[in-house]
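See structure below.
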Amino acid sequence: MTRALAGLLLAGFLAQDPAPQIIPGDPTPKSWPISGPAAIEDGAELGLRARRVERRWDPNLSRFIETLSDQAYLRAVVTVKNKWFDGTLSAGAPGRYGISLATDDAVLYTERAALGPIEPLFTRSIADINTLEEIKKKGSEFLEEVERLAERRGGTPQEREDYTKRVNAVEGKLRELEGETDLTGTVHVLRDVLFQIRNAQVWGEGPGPKQAANDPPRTRKKLFMDDALTIESLRKTLAKIDEIISAEIKVSTTLILERLIAQARKDDRRREAARAAARAASKLAEAAPNPDPTLGPILDRAASPTTDPDEVRTQLRVLAQPHLVP
């Protein structure tokens, strides 16, 4: 990136990105302190709400769509004092959240913030990659089983019970992972695949009569809940998991770090916490199935105490944007 282009990007980014108002405190295993300004009369009670940022993979665009969760959210009631509030949210899954502060009648402001212990999140995500890879392998094995059952034109009730238990166990791992990792887009791709696998329409037909040489070709009924899906199309989805994981690591690390650096402001302790998170993010980037050579150097810059924080925030955002649907 040329110095002139970097300058233009920095100017444009800062012009549309006001300084964060939300100030997260030091998280504990059970609670997340949070504070900020509140331009309203003292003594007023306000609703503080934090909705987790989640991602969905768009297979047509090969990009992520970010949304605010309707299920993973945290709430608290806070009281204004000297145009300021101090509140505490129950601990949730670390990551980015859409924060809103509102009266009963109107929203005072909204913004996105990084909440929770981020350095441990990135460190733990290396193990999450291994879990996702194992589930991808299980999905491929299940598809082979579906194919065999379809060729047999059915299976016994006991086979169905055993099959369903095994698929449910893998889905259970994904549900647990969803509440811990920030790689939510990858988790949802695998959950969608396993939903189709668990509900594969391969039961109850029983073995058909042997096909004679002069019989017309048999038409196999649709195998999955989504009629457009086939065994081959689901295999292609699983084959893209490495690409999806790697892209999501890039989006997750860059956008969380951008918020951490912005929230740190000139607080030396918070700046060092952001740099520690950047060091953990760099190790996570190296563990990606398809490491991106452009990501590591920017994460290393975010970890350096000599880097200009505004400049590196812009670079982090620039890296993430090509992987997101606007």
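Side-chain atoms are counted along with the backbone in the values below, which use heavy atoms only and exclude waters and symmetry mates.
Residues Arg235 and Glu144 are in side-chain contact: their nearest non-hydrogen atoms beyond the backbone lie under 4.5 Å apart. Contact annotation: the side chain of Leu48 never approaches that of Val77 to less than 4.5 Å [non-hydrogen atoms, C-beta and beyond]. Put simply, the side chain of Arg63 reaches to within 4.5 Å of the side chain of Pro326, judged on heavy atoms.
Looking at every heavy atom in both residues, Gly155 comes nearest to Leu149 through CA-CD2, 4.2 Å.
Counting only residues at least two apart or in different chains, ring pair (Phe, Tyr, Trp, His ring centres under 6.0 Å) contacts with residues 52-73 comprise Trp57-Phe64. Sorted by first then second residue, the salt bridge (charged side-chain N to carboxylate O under 4.0 Å, His left out) pairs that include residues 186-199, not counting sequence neighbours, are Glu171-Arg198, Glu178-Arg191.
In the displayed structure, Lys81 atom NZ is contacted under 6.0 Å by at most 12 heavy atoms of other residues, nucleotides or ligands. Environment of CG in Asp104: sparse, with no more than 12 heavy atoms of neighbouring residues, nucleotides or ligands closer than 6.0 Å.
Taking the charged nitrogens against the carboxylate oxygens, Asp182 and Arg55 do have a contact shorter than 4.0 Å, which makes a salt bridge. Between Lys136 and Asp242 a salt bridge is recorded (basic side-chain N to carboxylate O distance below 4.0 Å). Salt-bridge check for Glu66 with Arg112: passed, with a basic side-chain N closer than 4.0 Å to an acidic carboxylate O. Salt-bridge formation is not detected for the pair Asp162/Lys165: no Lys NZ or Arg NE/NH1/NH2 atom is positioned less than 4.0 Å from an Asp or Glu carboxylate oxygen. Classification of Arg279 and Glu272 as a salt-bridged pair holds, one side-chain N sitting under 4.0 Å from a carboxylate O.
Paired with Leu284 under the rule side-chain contact (heavy atoms from CB on, under 4.5 Å), one option of Thr123, Leu121, Ile126 passes, and it is Ile126.
Residues Asp292 and Thr294 have side chains that bring a donor and an acceptor to within less than 3.5 angstrom of each other.
Side-chain contacts under 4.5 Å among hydrophobic residues (ILVMFWY), followed directly or transitively, place Leu61 together with Ile65, Val325.
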